[in-house]
Amino acid sequence: MLRERFSRPLDPAALALSESTGEDRTFLYHDLWGSIAHAEMLGRTGIVPAPVARRITLGLRAIGERAHVGRFPLRPALEDVHLNVEEALTRDIGDDGARLHTGRSRNDQVATDLLLYLRDALLDLESATDDLVDALLVQGLAPSGRTTVPGWTHLQPAQRVYWAQILGSHALRLLRDADRFARTRRSIAHCPLGSAALAGSSLPLDRAWVARSLGFEAPTPSSFDAVADRDPEVETLFDLALLSTHASQLAEELVIGAMPEVGRVRLADPFVTTSSLMPHKRNPDLAELVRAEAGPALGRLVAHLAILKGLPLSYQRDLQVGKPVLFDGVTRGLAVLRALAPMVRTATFRSPPTTGAEAPGAVELVDALVRSGMPFRRAHGEVARLVQELESSGREWGGLTRGAVADRFPMLRGFALPTASSEPDRRTTDGGSSWREVGRMLSGARRDLARSRGSIRRERARLAILRRGLRVPDRWFAGPPTGPTSRPIPGTEPGGSAARSRQRRRRR
Ligand code: ARG
């Protein structure tokens, strides 16, 4: 296809480098969606006779249906999804198919397809992030959330806090990630279609109609920028890099927490593995894999930026190389989120007994001295000396009675050291460790989560209405199931959609 001006076909090695049918399968339905809108517009404007446009859209829908049942393999010899669709259409409906590409180039087409794909992908990512947030908040509000653990700085026991504060703090980070996905999604406002190769068209295309029918606010204001812009792709990769970093940090806390020496987390059986040699092992492999995925996620952001760097306007073929980077990023990001949410939901969070390295209430004792009028630095020194004396005489902080404290610091008569479990409630500052403040944080997070889920629902409904308007079946876009673990974990159920897409891939 497209080689009439040459005397010889593309070299097979050149084709191997240039064809993108493997990754293009990812946005086949978005390509069809964009083409259906384009064809409708050609009919409405009379650029193509209306009955021809109707035959084209029918033909495109039939191709989608074939793909949906796994009977539309993309042929590498046809280079990409765009030419595969056009060739199949022309084979199916004859010469009418040859009018589909009127006023359009693959350059504005691929830019549009990517944005249509990204809107859906970002919704999936936002929703999967919300499910992880939900798992953290459910655990935070469970009775174990009310138990205390040493909060660490430098991985050394610092001050006791409620488990709920740690879990809720991870939730806050992830809510920011969900919000970043949403903001990137909302920034996708302009439709590139009709920009043609780089400079627009001499045909009377109705770009505004196409933009509206695909759910954009308006056509892109410059055809040059339209075919070259990959900002939303890069922003998504940034959002994914930061999300994966947060997931990695959470996973590391699970790995450390599950060490028997630490004993504050127990991962459920479906999220641990054993050793091929040592039968007693209970390894947190899945958490380790989540921890590692942040590496490639960061790499993808750098890789995509490096592809763009130095590219002159307008379309350059380099842009194609960014596509699999983006698709992989989305797929791996979803895999991480969908494994981590049930891992958190099914883990047990425990309160380990205090160790000698902890001194519950040491800072509160300093604060009490400050309240009695002692300068902070002196109070800090007094308590440090007490710790040192206890340590060198083999006594324990936990053995300090009210009387012993009053003997040493007469101005503190009546002061009681908190226990490990009452310590967090002493710190009542805004956002501090007291249960009241932790409760406030958790309800704020719950509200943000509900807001995010509401906006996902509304946007999905909006997109469904747009698809219906163009008679583009919603089921083409129904990906693997998402949601809380009450549903089967994607990929684990035999014959599930993940298994189906594996089969589809194998058939190809
Ligand atoms: N497969 C190409 C891509 O993904 C489509 C655009 C090709 N355009 C071109 N002028 N060769 O970017």
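Whatever order the structure lists them in is the order used to number ligands and atoms, beginning at 1. Model, not experiment: these values are computed from the prediction.
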Quick one: table the atom pairs, ligand 1 N or O against protein N or O, below 3.5 Å, distance rounded to 0.1 Å.
residue: ligand 1; atom: 1 (N); partner: Asp80; partner atom: OD2; Å: 3.0
residue: ligand 1; atom: 1 (N); partner: Gln320; partner atom: OE1; Å: 3.0
residue: ligand 1; atom: 4 (O); partner: Lys323; partner atom: NZ; Å: 2.5
residue: ligand 1; atom: 8 (N); partner: Asn107; partner atom: OD1; Å: 2.9
residue: ligand 1; atom: 10 (N); partner: Asn107; partner atom: OD1; Å: 3.3
residue: ligand 1; atom: 12 (O); partner: Tyr315; partner atom: OH; Å: 2.6

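Neither side chain, Thr129 nor Asp177, offers a donor N or O lying under 3.5 Å from an acceptor on the other. Side-chain atoms of His38 and Gln109 include no donor-acceptor pair closer than 3.5 Å. A donor and an acceptor atom, one from each side chain of Arg207 and Thr220, are located under 3.5 Å apart.
Residues Ser244 and Val336 form no side-chain contact, since every pair of their non-hydrogen atoms from C-beta on lies 4.5 Å or further apart.
Ring geometry, His82 versus Phe27: the interplanar angle falls from 30° to 60°, so the pair is classed tilted.
Not counting sequence neighbours, the partners of Phe349 by the ring-ring contact (aromatic ring centres under 6.0 Å, His included) test are Trp163.
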